[in-house]
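Below, chains carry the letters A, B, ... as their sequence lines are ordered, and counting in each starts from 1. Quick caveat, the model's predicted, so the values are computed rather than measured.
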There are 2 protein chains.
Amino acid sequence: MSKAASAPPKTGRRPASWTQDPEGVRRNILTVAKEEFVENGLSGARVDEIAARTATSKRMIYYYFGDKEGLYRAVLEEMYERIRGFERSLDLASLPPVEAMTLLAGFTFDYHAENPDFVRLVMVENIHHARHLATSDRIATLNLSAIDMIREAYDRGVAAGLFRPGIEALDIHLTISALAFYNVSNRASIRQVFGHDMGAPEALVRRRAAAIDTVLRMLRA
Amino acid sequence: MSKAASAPPKTGRRPASWTQDPEGVRRNILTVAKEEFVENGLSGARVDEIAARTATSKRMIYYYFGDKEGLYRAVLEEMYERIRGFERSLDLASLPPVEAMTLLAGFTFDYHAENPDFVRLVMVENIHHARHLATSDRIATLNLSAIDMIREAYDRGVAAGLFRPGIEALDIHLTISALAFYNVSNRASIRQVFGHDMGAPEALVRRRAAAIDTVLRMLRA
DNA sequence: GACTAAATGAACTGCCTGGTACATTTAACA
DNA sequence: TGTTAAATGTACCAGGCAGTTCATTTAGTC
């Protein structure tokens with residue numbers, strides 16, 4: 001087993017002799033870095049802090065990722081690729097239109113609620129005008145399929161007379177995303193200003209139902 | 001006229017003799033600081049940079065605001081107080097329910113679209129878990145009235161048989177806000193991932209109409 | 001016009017932080 | 001088993017950056 005993987009998380013000191021484990025070290029760094037960037041943003045994150053919480057040293061961060069932004073970009077890329085994977089696992093085409101939209105809206109809501117890290121990183125990236133998304137080749141070729149899946153289900157719904165025509169697939173996506181995203185991204189400020197916890201279980205189920213309902217109402221003929 | 005207000009924005013060097021202008025200096029600092037925080041976030045903002053773009057010196061920032069976070073908090077507080085003012089200017093009570101909701105949704109959408117600075121600062125604050133909102137007395141006593149206004153109009157709508165009963169005023173607010181907020185907050189990432197510019201004029205009017213329509217459909221009996 | 005408090009300027013400091021130089025060890029392979 | 005490239009550790013550095021020190025000027029007040 002690798003040093004990075006086998007070392008006691010914090011307590012153990014590096015042994016005098018070690019085992020090489022490029023992939024393990026890489027993963028270890030990415031995991032810790034993600035936490036740090038999620039918690040503190042790009043400018044707020046500290047490379048030293050990341051290194052300290054790693055089983056390896058700062059040296060390796062620069063060895064594998066070049067610089068702080070390279071590390072950040074790697075974290076970002078991995079996250080988007082993960083989303084892409086989940087997206088593909090959805091099989092809307094085999095469901096009736098209404099059920100397909102219900103599933104998609106519900107899934108999107110849940111994914112955001114269960115992955116606040118994702119939401120926070122996207123916020124951070126937007127604060128930086130998404131310039132790291134822009135310069136990432138891996139993400140440029142990602143080709144998120146959400147829109148196509150939506151269009152297919154929507155078109156079927158229109159053909160069946162269930163949905164009203166004239167809506168852009170992108171608009172459907174934006175509505176679904178907005179409701180799911182906002183619920184996580186603005187949790188802290190809503191809590192302070194309105195004293196309401198959007199993260200509480202009951203609030204979550206209520207809001208989830210509302211989101212799905214809102215989307216269906218928006219679509220219905 | 002004050003030094004801060006009368007000095008040529010960038011070019012002019014401070015005159016050997018100057019005029020005192022506490023309020024002008026304060027305002028000048030706040031204006032520049034807001035730009036810096038909006039653009040770079042709290043951790044990304046540089047006090048030296050703010051000072052440099054001010055008609056005054058770094059010394060005065062600490063004189064008036066204590067430290068970097070104090071300055072940030074002041075910017076935040078002023079921004080929320082401004083919103084509060086706008087909110088009060090809305091007179092939903094004098095409008096029929098549907099018109100009231102249409103106005104509110106449209107106004108909210110427009111306010112966000114026209115004030116990306118506001119949106120970005122709220123994002124920044126949420127990244128920091130809204131801990132500066134939490135520690136601000138000025139904001140604690142702000143008492144945003146949006147919810148009450150919504151409830152009043154909604155109740156009238158229900159009484160008139162126009163709206164279906166059982167919806168929480170807060171949920172209406174959250175839906176309206178989510179649609180308006182997301183359209184600005186995630187502009188950069190949406191552009192990179194989908195190649196779509198949510199800030200383009202046509203996109204804006206279409207999305208505005210969609211937002212209003214979505215809210216009305218969510219409410220209708 | 002002397003006195004005083006508020007307001008302001010200029011230079012300075014010490015730590016933080018991203019990044020690097022240099023040395024060493026591991027592991028594949030001939 | 002000797003050679004070599006990849007992988008890793010340690011110590012260090014220079015610039016950046018929040019915050020301060022000290023001195024000065026302005027503008028009310030008696």
Side-chain angles (χ1 to χ4, degrees), chain A residues 1-7 10 12-30 32-33 36-37 39-75 128 132, chain B residues 1-7 10 12-30 32-33 36-37 39-75 128 132:
Chain A
M1 220 175 169
S2 81
K3 175 204 62 178
S6 65
K10 303 278 130 147
R13 225 50 223 140
R14 294 120 188 152
S17 96
W18 39 271
T19 324
Q20 285 188 188
D21 180 18
E23 261 325 294
V25 169
R26 230 187 126 88
R27 285 239 55 75
N28 184 217
I29 294 173
L30 276 176
V32 175
E36 176 79 3
F37 285 128
E39 188 53 35
N40 304 104
L42 174 53
S43 349
R46 296 290 161 246
V47 177
D48 280 319
E49 178 64 22
I50 295 174
R53 288 168 44 203
T54 290
T56 179
S57 70
K58 184 158 68 154
R59 175 71 181 73
M60 299 314 290
I61 294 178
Y62 289 93
Y63 183 68
Y64 283 119
F65 301 99
D67 58 10
K68 188 185 180 183
E69 298 222 347
L71 177 57
Y72 171 78
R73 196 176 316 121
V75 169
H128 291 274
H132 309 91
Chain B
M1 220 176 169
S2 82
K3 178 204 61 178
S6 65
K10 304 276 131 147
R13 227 50 222 140
R14 295 119 188 154
S17 96
W18 39 273
T19 323
Q20 284 189 186
D21 179 18
E23 261 325 294
V25 169
R26 230 188 127 86
R27 286 238 56 75
N28 183 217
I29 294 174
L30 276 176
V32 176
E36 176 79 3
F37 286 127
E39 187 54 35
N40 304 103
L42 174 52
S43 350
R46 298 290 162 244
V47 176
D48 279 318
E49 178 63 23
I50 295 174
R53 289 168 42 204
T54 290
T56 180
S57 70
K58 185 157 67 157
R59 175 71 181 73
M60 299 313 290
I61 294 177
Y62 289 94
Y63 184 68
Y64 283 119
F65 301 99
D67 58 10
K68 189 185 180 183
E69 298 220 348
L71 177 56
Y72 171 78
R73 196 177 315 122
V75 169
H128 291 274
H132 308 92

Student: Is there a side-chain polar atom (N or O) of A/R46 under 4.0 Å from OP1 or OP2 of C/dG18?
Tutor: yes
Student: To check you understand the geometry: which heavy-atom pair defines the closest contact between A/A33 and A/V75, and what is its length?
Tutor: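 Of all heavy-atom pairs spanning A/A33 and A/V75, the closest is CB-CG2, 4.0 Å.
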Student: Over how many whole Å does the gap from A/Y63 atom OH to C/dT26 atom C1' extend?
Tutor: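 Value for this atom pair: 12 Å.
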Student: Kindly give the heavy-atom pair with the smallest separation between B/S57 and B/A51, and that separation in Å.
Tutor: C-CB, 4.2 Å
Student: Please report the shortest heavy-atom distance between A/F37 and A/Y72, naming the atom on each side.
Tutor: CE1-CA, 3.6 Å
Student: If only side-chain N and O atoms of A/S57 are considered, is one of them under 4.0 Å from the OP1 or OP2 phosphate oxygen of D/dT10?
Tutor: no
Student: To the nearest Å, how far apart are B/I61 CD1 and C/dA10 C1'?
Tutor: 15 Å
Student: Return each pair, listed once, that meets side chain to side chain donor-acceptor pair (under 3.5 Å) where at least one residue sits in residues 59-68 of chain B; pairs must be two or more places apart or across chains.
Tutor: none
Student: Report yes or no: does B/E36 contribute a side-chain atom to a donor-acceptor pair with the main-chain N or O of B/R46 at less than 3.5 Å?
Tutor: yes
Student: Let me know the distance between CD1 of B/I50 and C1' of D/dG16, rounded to the nearest Å.
Tutor: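 Between C1' of D/dG16 and CD1 of B/I50: 15 Å.
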Student: Considering the options A/M60, A/R73, A/R26, which one meets the side-chain contact (heavy atoms from CB on, under 4.5 Å) requirement together with A/F65?
Tutor: A/R26
Student: Could you pick out which residue, A/A45 or B/M60, lies toward the 5' side of DNA chain C when each is mapped onto its nearest nucleotide?
Tutor: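 Closer to the 5' end of DNA chain C: B/M60.
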Student: C/dA6 P sits how many Å from B/R26 CZ, rounded?
Tutor: 15 Å
Student: Pick base, sugar-phosphate or nothing for B/Y64, based on heavy-atom distances below 4.0 Å to the nucleic acid.
Tutor: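 Since only primed, P, OP1 and OP2 atoms lie under 4.0 Å of B/Y64, the category is sugar-phosphate.
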Student: Quick one: pull up NZ in B/K58 and CD1 in B/I29 and give me the separation to the nearest 0.5 Å.
Tutor: 12.5 Å
Student: Report the distance from atom CD1 of B/I29 to atom C1' of C/dT8, rounded to the nearest whole Å.
Tutor: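 Going from CD1 in B/I29 over to C1' in C/dT8 covers 11 Å.
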Student: Which residues satisfy the salt bridge (Lys or Arg N to Asp or Glu O under 4.0 Å) test with A/R27, sequence neighbours excluded?
Tutor: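 A/E78.
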Student: For residues A/V32 and A/I50, report the shortest heavy-atom separation together with the two atoms involved.
Tutor: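 For A/V32 and A/I50, the tightest heavy-atom pair comes out as CG1-O, 3.6 Å.
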Student: Are any protein N/O atoms closer than 3.5 Å to N/O atoms in nucleotides 20-23 of chain C? If there are, list each pair with its distance.
Tutor:
residue, atom, partner, partner atom, Å
C/dA21, N6, A/R59, NE, 3.4

Student: So which nucleotide from D/dA7, C/dT17, D/dG9 ends up closest to the side chain of A/D48?
Tutor: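 Selected nucleotide: C/dT17.
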Student: Under 4.0 Å from any atom of DNA chain D, heavy atoms only: list the residues of residues 67-75 of chain A that qualify, in numerical order.
Tutor: none
Student: The helix from C/dG1-D/dC30 to C/dA30-D/dT1: angle between its terminal axes, five pairs each, to 10°?
Tutor: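 Both end axes considered, the difference amounts to 0°.
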Student: Quick one: A/F65 CZ to C/dG18 P, roughly how many Å, whole number?
Tutor: 16 Å
Student: How close do A/A74 and A/L30 get, counting heavy atoms only, and between which atoms?
Tutor: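 Taking every non-hydrogen atom into account, CB-CD2, 3.8 Å.
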Student: Sequence neighbours left out, what passes salt bridge (Lys or Arg N to Asp or Glu O under 4.0 Å) with A/E69? Give chain and number order.
Tutor: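 A/E69: salt bridge (Lys or Arg N to Asp or Glu O under 4.0 Å) contacts with A/R131.
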